[in-house]
Visitor: 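Have a look at this one before I ask anything.
Proteins get letters first, then strands, A, B, ... in listed order; numbering begins at 1 in each. Computed over heavy atoms, backbone and side chain alike; hydrogens, waters and symmetry mates excluded.
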Amino acid sequence: MLYPLSYEGWCSNHTILGGTMSFREVLARSISSALVGCGVLPEDGRPTAHVERPARLEHGDWSTNAALVHARSVGRQPRALAEQLAEQLLMDPPPHLDRVEIAGPGFLNLYLKPGWLYDALVETVSQGVAGYATADIGHGERVQIEFVSANPTGPLHVGNGWWGSYGDALARVMARCGWQVHREYYVNDTGGQVRRLGASLLARRRGEEVPEDGYQGAYVAELASHYEGPDDVDAAGRFATGRILDSIRATLASIGIVYDEWYSQASVEESGAVEETIALLAERGLVYEDDGAVWLRSTSLGDQRDRVLVKSSGDVTYLGGDLAYHRDKFLVRKFDRVIDVFGADHHGQVPSLLAGVEALGVDRDRLEVKLGQMVSLLEGGKSGAMSKRAGNFVALDDLIADIGPDATRLLSLMSSLDQASTLDLDVVRSSSMENPVYYVQYAHARIASIERVMVERGVERQPLDSVDLGALVHDRELELLRRIEELPDTVVEAARDRAPHRVTTWVRNLAGAFHGFYHDCPVLAPSVPTELAQARLWLVEASRISLGIGLDLLGVSAPREM
RNA sequence: GCCCUCGUAGCUCAGCGGAUAGAGCACCGGCCUCCGGAGCCGGGUGCGCAGGUUCGAGUCCUGCCGGGGGCGCCA
């Protein structure tokens, strides 16, 4: 059988689950066939039709805008085309189809029998935590994700934690969708900032104020008390950055962020990669000297001005080092794709980086730069601007100590990376009840609680194929199944759109559906017939699997009790 | 001045170009003989403004207004 439109044309998500067809794909193929029956043939440049889950149950279990999208190109009224499409569809209906309705301007709404949800339950349980909601839209592409990369001149602030959670969750989501992911932290361990840090350390050791452009934070004095090396700014700076990097590593690990590689800028410079990079750029005629410095002719590649690569002092600029680093990513280690996660305060360097990467002969599409908006903090009703040099920022460590690693992860993944967020420290600290992490973890603890009671009472879960899932007819049961069925789509969309916070939204919805089910549908109460209890036990198991996957993708723990 | 980004309920935020825009918190009122009440149910307010594209715009485009960020031989 021929399908006139590519599967990708139908689906926002391109899902092909574990080698089996998603229900969305089954429907898409049916509708494609029906379109052929209506005389609608494939054609390039046509708007894309979708199969989607309507927001409202009254609009069916699934719906398609195919008639709306294709009406014009075949010169018909959308509703008339929809009528014919419905007739065609009923001649060879997809599984579980109950009825079809035409609604609104020409939507085709499909109403299904609950069997499709029972199939979803079987799918979830049979694939389990390892297999459910996996996909292969990455096709094994090697992607390097660089995130945090904060300078080792002081503790991480809350914004670093937000963007770090994003980078890590994105890595998890993409890994689940078929990418080979490499997590990396770029360590800025050279240059003037390290000398300034060293000078600050030495000043503190002498009991003096730090220089005007130095680092004021109390941690500098603390480090100075442990420094026994020579009175040399470079040595003191290396000591300080090393110690700070250790603590940064520990902080990130405490919220589940572990890197494949910590990449040192010093090693880049020592390897001669900067010279090789400049030589490559020079071959392309994109480098010139002026005032004793080496410049990149970035204006010819869309930047607003030319940029210095090597200062007249002989020091390499940040851009010079970063370009050598990106040359290494693309041309030496040959990653197919690179995703850089920066804070919005560094967005000014993006055009020159993009220009520089293009100057290296790398296709611009292979580099994605994601900018995390600033996190502002409210404390005592006042907002505070954070500055590392002034030492008045809120440390990520302090926040983790206050609210715990799980709450830190979940809060940071509640909103999109593009959303500048405000964190009210008083609320988050004082009132744990307002913390959404309890809501989702409580759902998981309740699942585990049911399992414990099951064991205590000696109840055995019968093999799934011997259980009649048709017993699941309660609205709460069906609502929960609908949520479980959404996870694969959600994960794919999160990976495709680089938006791991979608998983957070799903987790909260799943938890809500489970709490409702738990309240209205006792599983092991004496009043529940055995057949129903068995079906509900499997529904609980499917909930455990899917919620566990969601929480793991977010890096939030799934407690069995609280 | 130029560039980037954001503007959705009192607050914090969801919302892959779809139909009557949703949660949590806060406020008010209900619900525990059952497997955990950190839960469930009910109650009301909103897409900054103006154009445009589209069968259809909170979502895409343009302009304006407002907030944040950036415009170094700092990183």
Visitor: Give a yes or no on whether a salt bridge exists between A/R53 and A/D61, defined as a side-chain N under 4.0 angstrom from a carboxylate O.
Guide: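 Result for this pair is no, no salt bridge flagged.
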Visitor: Is the ring of A/Y318 stacked on the base of B/C74, with centres less than 5.5 Å apart and planes under 30° off?
Guide: no
Visitor: Between the base of B/A75 and the side chain of A/T153, is there a donor-acceptor distance below 3.5 Å?
Guide: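 It does not, because no donor-acceptor pair links the side chain of A/T153 to the base of B/A75 below 3.5 Å.
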Visitor: Reading nucleotides 40-46 of chain B from the 5' end, what letters show protein touch, with B for base, S for backbone sugar-phosphate only, - for no heavy atom under 4.0 Å?
Guide: SS-----
Visitor: Residues two or more places apart in sequence or in another chain: which of them pass salt bridge (charged side-chain N to carboxylate O under 4.0 Å, His left out) with A/E541?
Guide: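 Once residues adjacent in sequence are excluded, the partners of A/E541 under the salt bridge (charged side-chain N to carboxylate O under 4.0 Å, His left out) criterion are A/R461, A/R544.
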Visitor: May I ask you to verify if any side-chain N or O of A/R307 is less than 4.0 angstrom from the OP1 or OP2 atom of B/C74?
Guide: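 The answer is no; no side-chain N or O of A/R307 sits under 4.0 Å from OP1 or OP2.
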Visitor: Considering residues at least two apart in sequence or located in another chain, which fulfil the salt bridge (charged side-chain N to carboxylate O under 4.0 Å, His left out) criterion with A/D340?
Guide: A/K329
Visitor: Would you please indicate if the ring centroids of A/F517 and A/F514 are separated by under 6.0 Å?
Guide: yes
Visitor: Taking side chain to side chain contact (heavy atoms under 4.5 Å, CB included) as the definition, give me every residue that meets it alongside A/T317, ordered by chain and number, with sequence neighbours left out.
Guide: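 For A/T317 the side chain to side chain contact (heavy atoms under 4.5 Å, CB included) partners, ignoring immediate neighbours, are A/V308, A/K311, A/L319.
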Visitor: So, does the side chain of A/S313 form a donor-acceptor pair with the base of B/C73 at under 3.5 Å?
Guide: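 Check fails, no donor-acceptor contact within cut-off.
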Visitor: Sort and list the pairs that fulfil side chain to side chain donor-acceptor pair (under 3.5 Å) and have at least one residue in residues 341-353 of chain A, not counting sequence neighbours.
Guide: none
Visitor: In this structure, which stretches of RNA chain B are paired as stems of three or more consecutive Watson-Crick or G-U pairs, both distances less than 3.5 Å?
Guide: B:1-7 with B:65-71, B:10-13 with B:22-25, B:27-31 with B:39-43, B:48-52 with B:60-64
